[in-house]
Each structure stands twice: as structure tokens, then as C-alpha cells.
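Here's the structure, in C-alpha cells; my notes come after.
FYI, side chains are in, hydrogens and waters are out, and symmetry mates aren't considered; it's all heavy atoms of this structure. Note on naming: letters A, B, ... go to the chains in the order of the sequence lines (proteins, then strands), and numbering restarts at 1 for each one.
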2 protein chains.
Amino acid sequence: MPRKRNAHRSPDMPTLADVARLAGVSEITASRVVRVQGPIADSTRARVLTAIAELGYIPNRAAGSLASAGSTLMSVLLPSLSNIVFPDVLRGIHTALTETAFQPVIGVTDYDPLIEERILVSFLAWQPAAVILAGLHHTPTARRHLEHGRFRVAELMDIDGEPVDIAVGMSHRQAGYETGKHLIQRGYRRFGYARHNVTTDDRASARYEGLCSALQEAGLSLVAEHCYPDASSTRAGRDALAILLAAHPDLDVVVFPNDDMAMGGIFHCMHAGIAVKEKLGIFGFNGLDIGQAMPMPLSTILSKRFLIGKTAAEKLLESRERPAEKTIINTGFDIIEGATA
Amino acid sequence: MPRKRNAHRSPDMPTLADVARLAGVSEITASRVVRVQGPIADSTRARVLTAIAELGYIPNRAAGSLASAGSTLMSVLLPSLSNIVFPDVLRGIHTALTETAFQPVIGVTDYDPLIEERILVSFLAWQPAAVILAGLHHTPTARRHLEHGRFRVAELMDIDGEPVDIAVGMSHRQAGYETGKHLIQRGYRRFGYARHNVTTDDRASARYEGLCSALQEAGLSLVAEHCYPDASSTRAGRDALAILLAAHPDLDVVVFPNDDMAMGGIFHCMHAGIAVKEKLGIFGFNGLDIGQAMPMPLSTILSKRFLIGKTAAEKLLESRERPAEKTIINTGFDIIEGATA
DNA sequence: GCCTTTTATGGTAGCGCTGTCATAAATCTT
DNA sequence: AAGATTTATGACAGCGCTACCATAAAAGGC
């Protein structure tokens, strides 16, 4: 007689079989009630629901996933959690997933495609219903997995390229370009740029290139740039601007890769007594709430991060199967004129 | 003869059995190699590893979880993602989990215990190895699940209470109290408080109470308070301070529930030409980077969010079994004197 | 009333992996 | 050298659920 093998589980952990027995139905019927799937008589459903409540039954998703070869997990791979940008995206995703059975599993790649690949593979072990990641640039191995997997894929933030399945975001190259055009039109001529050390932030690079090409079209070029030897932060922007101005006091505008750093730039100006806008224009990117609450609202570009996350998750839920057509959704961006450039 | 039932899975999805066959070993041996568990001869390990690489084998975690009645998932329930505080905590958790097999599954409760309960139950369906949540206050049902589950539990942020298993955080009541003591010692007497509308933010309430009791000890009390009718934001702080001062121009210090709102307060002062610190003290909570990068660094309390997340996850990994003793880890807090109070 | 369709339910066989026990070979004791 | 221990491997059942098929009863069509 085979020995019972439940030494490793709680003795009082009810299974579907227990529910079915108590309700006087078969397991499969109880399963249908739990999954709200297939035709069930109202009276039967009520009995099963009562049994579930009585036993405190919690379905075992591992068993469900195994049997159905699919899960309700959605893998989310984000480059960073250090500023509010990706939490905003995650919030959008989470909002779309509320009231659905799907749950986000998150991983942080540190802007490193190899880490992204490693985390992706470990996530695939859960047979996720969908994978969400940032950008269109992945390792060849990652790309292969994404293309051949039995799950939907959304690539967020960026739309300058060929997506695997769905891309939701904006053109960062264009954002950079429009930044340049806007500032030139406002009379700025001597441009500085303050970057940070994350060289794999493809979106920041695209904006930089867009800016440069706008300058070039106008017969201008960057007068100076400085790369802060650390990750992006307000402090980084403040210090970077100080260094830039020390070497090039004649700059009349400085563009920052994001609002955090741009705020730091403004703080430097306040500290050094430099008249922002009149003496030196400051331009950011993201349109963070805090920059707009300043007495002198930051001139910047509003990226629609929450919308990107929410739209992507909603699109993914529309169909379980990957359609023949790739989808690109441009959420666009708004120039916020502000008062600093 | 039973029909093959693989219509629902990719034909080219290799299983452990395929790996074992190719390596010329049994399934269980291949399994041991994958899990790095039990004694394996070097030559055998090499053969299995080769087979895995050749086939591009990805383990099926659903099957693994089912068979072993446990998963490598760690459920993380956070109240909000709207400011950087909880992403910081999440970053700490993620840092501790890197290089381990564990993966965080996140849920957002919106500071609502009922939503927390609902998400908790749906997470338990994955038989997580651990559950991380914020605060010590949960619904009775949630608490029951947490107490009886076969997983570790960490309650973050707050330590004023009885944890289920591990609590990591600081005393918010004490933080509020110290804030009051500090400001009184600096000569402030006419206190204002600007709150936001999230009444279920227990930590903010505890700080408020602590502040009040410090005032009371000194024979003082809050002169005025204003509740901004929306969630916390920089804009909320700015507007709330304007309203407070309109009604009570004689306040000499205003305490905010967090740095975001305090920054808004400073922005109002800048806009209205009020000399911060001399004319009106401003005090926040959290010690955000941006507040410290201002020309006039924000006076605030540094909460150690990253450390809390990291410490909690590390503690959870120490032992799979819940120990008899409950653990409380006080990560403390630092008063940042700053230049605004 | 006979046939088709729809509705409601159940039997059975796995999904891919790991716990448990068993076994054989290698190494260590005394 | 005989026994005790450690190391390396395998057979097998079953984790809890759902896909697949089958069946029976009820409803609809002409």
C-alpha cells in the first residue's frame, strides 16, 4: 500500500477535491465554479461557493498552471526603481490589472541587457501570460525567447524600432529634436548638456541625438557637455551644472536628461544667484509633479508614464494570442513651456 | 491507447525528461543538477548541463512548486507606488533577492486593509515562500492567514505593535515626538500641521500623535491644521500651506507628513516671499534626495527605506521555517537638521 | 413526436516535477 | 577484512488541478 505523501503539506489545507466532496459535485464542476468558466446551474454554483467559504479553500495556482500550461502572471522587467518614472509605469500596469486575475511579477534590470536576459529566462519558468519590458533593445537570446514564446509581449517607453508584438511609448528622438527646436525658437543659442553615467539608457541617448540634430539643422552645435560620473539624481544635476558653467560661463541654456537633474540645475542657479531663463535656460524631461509645483515651473517634456503602463497592460489583456500584426501605440508627449526656459 | 495530450503546449518545449534522456541519466538526477541539491558527480553534472544548454531547457516552476509544495515567489504588498518611498523599499527587497532564486510578486493596496486582504489571498494561491507587507494593521482574516500560513512574514515600516513574525522599521510615534522636541528646542512655538486625505496611513497618524504629545508635554498644542482634500503631492503641500497661513498668519512652523508636501510648502514660501526658517519653519519626513539637494536643505527625518526592504528580505531568507521568537528590527531614523527649521 | 441543439455534469488521464525510499559503489573505520 | 558510513544514482508515485472526451437531460425546430 502506497504511503500517503502529505508530510510536506499542511494537514488542514483543503483541496478542490474536498470542496467537491462537501458540495456533492465532481472536482471538475467545482473547478468550473472557481474559474467562472463553462455552464453551471445556479444552485450548483451556490453549493460549491458555500463549500469554498466553509473550508476556506484557496486554489493552488501551481497545480492550475501546470494542468493548463499557462499562468495568470505577467512578467514586468524594468530598468530601475530609483526615480519615480518606472514606478509610475508600474502603477499604470497595476491599475489595468486590478479586477483581473493577473498579477505582476517584477524584475529590475539596471539598464543591463544581460541582466534583463537572465531575469527573463527565470520568469519564463512560470509560463507567464505576458511579458512587459522597457525598450526595443534586447540581447539576441532574449529576443529569441520573446519571439518564440507562447505569451504576449509589450515593449514600453520607446517606439523607434521594430517591436516583437506591441510597443507603447513615444519617440525619444523626436522629443529631443522638439526640445532643440523649441529652445532655438526661444532665442537660445549656446547649448550645454549634462548627462549621467548610465550609458545604456537608450532613451536618454535618443533624446540627446534628437537634440543634436535640431541644433545641426539650425547651424548650431552643443557648446559643452558634462558627464556626471554617477547615476542620475538631483545632486548630480546640481553638481554637473556647476562644473559646466565653471568651464563655460557663456552658456545660455542647459538641457538635462530628466527632471530630477534639471531640478538640481535650478537649485544650483538659486544658490549661485543666476537668473534662470533670463541668464540661463534650464530644460528637463518627464514633467514630474514636483517640477511643476515650483514657484518657477520647470520647462520640460511630459512623458505619459502612467498611461504607457496602463495602455500596455490593457492591450495585452485584449487577446491571449499574439496577432499577426505588430502594434505600435504612440502615447506622444507634451512640451511644458514652464518658466525656466 | 490514450491520446497524447500536448495540443496545448509548444511541441518544442523540452522537459526534464528530455534533458535526462539526452544526458543519459534519470530525471531525478537531472532535477538535482538543476536545483544544485544533493550529491552529484562532476562528470554527471557536466553532461546534464550540456544537455540543458543544447536543448535550451527552461524548468517549469509550476510543476516544481506543485511537487514540492512551495515556491520561490515572495509576495510583496505595498500601500502605494505614487511617491518614491515604497519603490525605495521595493528596491531594497530586490537588492537582497538578486542572486537568489526568489522573485518578488507585487501588489498595491492603496492603504486599504480590505484590498490588502484580497490581494493576499490571491497571492497565497502561489504558495509563496514569504510575504512582505507594510504595517502591523491587517484585517482579522488577513492576520489569520498570515499566522497560519506555511511561509515567513515580514511587516515593514512600523514597529509599534506585535508582529506576526518579523517586523522591520522604525517607531513613527517616536519620530513625531522627536520632531516636536527638536522644533520646540529650536524656539518654535506656534505649530501648524498640513495633512493629506489618506486617513488609513497609520504611520502618518502615528507621527502626528507623537508630535502632539511632544507639544503637550511642553504645554503647547497645534495652533492650526489643514487637511488637503486629495492625496499627498508637492502641489498639495504648497496649497495646504497657503490656506493654513491665510487663516493663521502667525504660525511660526508647519510640520508636513512627508518631504513631498514639505517641498511644496517651501515653494509656497518662495513664491510668497516668506523667509523660510526665520519667519516660518518647515519640517518634513523621509529625507528624500531632492530635498537635500536644495540650496536650503529641507529639515526632515531620514527614514531608511532601502535598508528596511533589504533587511527584511535578508532576514526572511535566513530560515525557511518560522522561528518560535518574533523578531523586531529597529532601523531607526536620523533627524536631518537642514536649513528650513 | 422525432431529431437536433444546448445546457449541465462527470470520468479519466495526465501536466512536469520532486519527495521518499531503495540500492550500489566508494570511502572510511577499527 | 568485515562492518559502518558516505556518495551517487534511480524507480516510482503523486502533488492539485484542468483538457479532453463522453453522457444525460432539457430545450428548441419543423
**Asked** Would you call B:E147 and B:R144 a salt bridge, using N to O less than 4.0 angstrom?
**Response** no
**Prompt:** What integer distance in Å separates B:W126:CH2 from D:dG16:P?
**Reply:** 16 Å
**Short side-chain N/O contact from B:T29 to OP1 or OP2 of D:dG10, under 4.0 Å** = yes
**Request:** Starting from P on D:dA25, measure out to CD1 on A:I40 and report it in whole angstrom.
**Result:** 18 Å
**Message:** Strictly distance-based, threshold 3.5 Å: is any side-chain N or O of A:T139 a donor or acceptor partner for the main-chain N or O of A:P113?
**Reply:** no
**Prompt:** In terms of side-chain heavy atoms of A:P39, which of C:dA8, C:dG16, D:dA19 is nearest?
**Reply:** C:dA8
**Item:** Heavy-atom donor-acceptor pair, B:R61 side-chain to C:dG16 base, under 3.5 Å
**Value:** no
**Request:** Give a yes/no on whether any side-chain N or O of A:S31 is located under 4.0 angstrom from OP1 or OP2 of D:dT18.
**Result:** yes
**Atom-to-atom span, CD1 of A:I52 to C1' of D:dG16 - whole angstrom** = 14 Å
**Prompt:** Are any of A:S26's side-chain N or O atoms less than 4.0 Å away from OP1 or OP2 of C:dG10?
**Reply:** yes
**Asked** Does the distance from a Lys or Arg side-chain N to an Asp or Glu carboxylate O, for A:R322 and A:D165, drop under 4.0 Å?
**Response** yes
**Request:** Could you tell me whether B:R32 contacts a base, only the sugar-phosphate backbone, or nothing, with contacts defined as non-hydrogen atoms closer than 4.0 Å?
**Result:** base
**Asked** Taking atom C1' of C:dG16 as reference, at what distance in whole Å does atom CG of A:N60 sit?
**Response** 14 Å
**Asked** Separation of B:E27 atom CD from C:dG16 atom C1', in whole Å?
**Response** 8 Å
**Message:** Pair A:S71, B:W126 - check side-chain contact (heavy atoms from CB on, under 4.5 Å), show working.
**Reply:** CA-CA 10 Å; A:S71 80; B:W126 290 104; 3.8 Å; yes
**Complete:** Separation of D:dG16 atom C1' from B:L124 atom CG, nearest Å, is 16 Å
**Complete:** The single option from A:I115, A:T109, A:T141, A:L77 that satisfies side chain to side chain contact (heavy atoms under 4.5 Å, CB included) with A:L120 is A:L77
**Item:** For atom CG of A:L66 and atom C1' of D:dG14, their distance in whole Å
**Value:** 12 Å
**Message:** If you compare every side-chain N and O of B:R45 against the phosphate oxygens of D:dT7 (OP1, OP2), does one of them come in below 4.0 Å?
**Reply:** no
**Item:** A:A67 side-chain proximity, nearest of D:dA8, C:dT18, C:dC15
**Value:** C:dC15
**Prompt:** Of the nucleotides C:dG19, D:dT18, C:dC17, which one has an atom closest to the side chain of B:Q37?
**Reply:** C:dG19
**Item:** Separation of atom CZ in B:R47 from atom P in D:dA8, rounded to whole Å
**Value:** 14 Å
**Prompt:** So what does B:T44 touch, heavy atoms closer than 4.0 Å: a base, only the sugar-phosphate, or nothing?
**Reply:** sugar-phosphate
**Message:** Considering every strand and a 4.0 Å limit on heavy-atom distances, what is the contact class for A:I28: base, sugar-phosphate, or nothing?
**Reply:** base
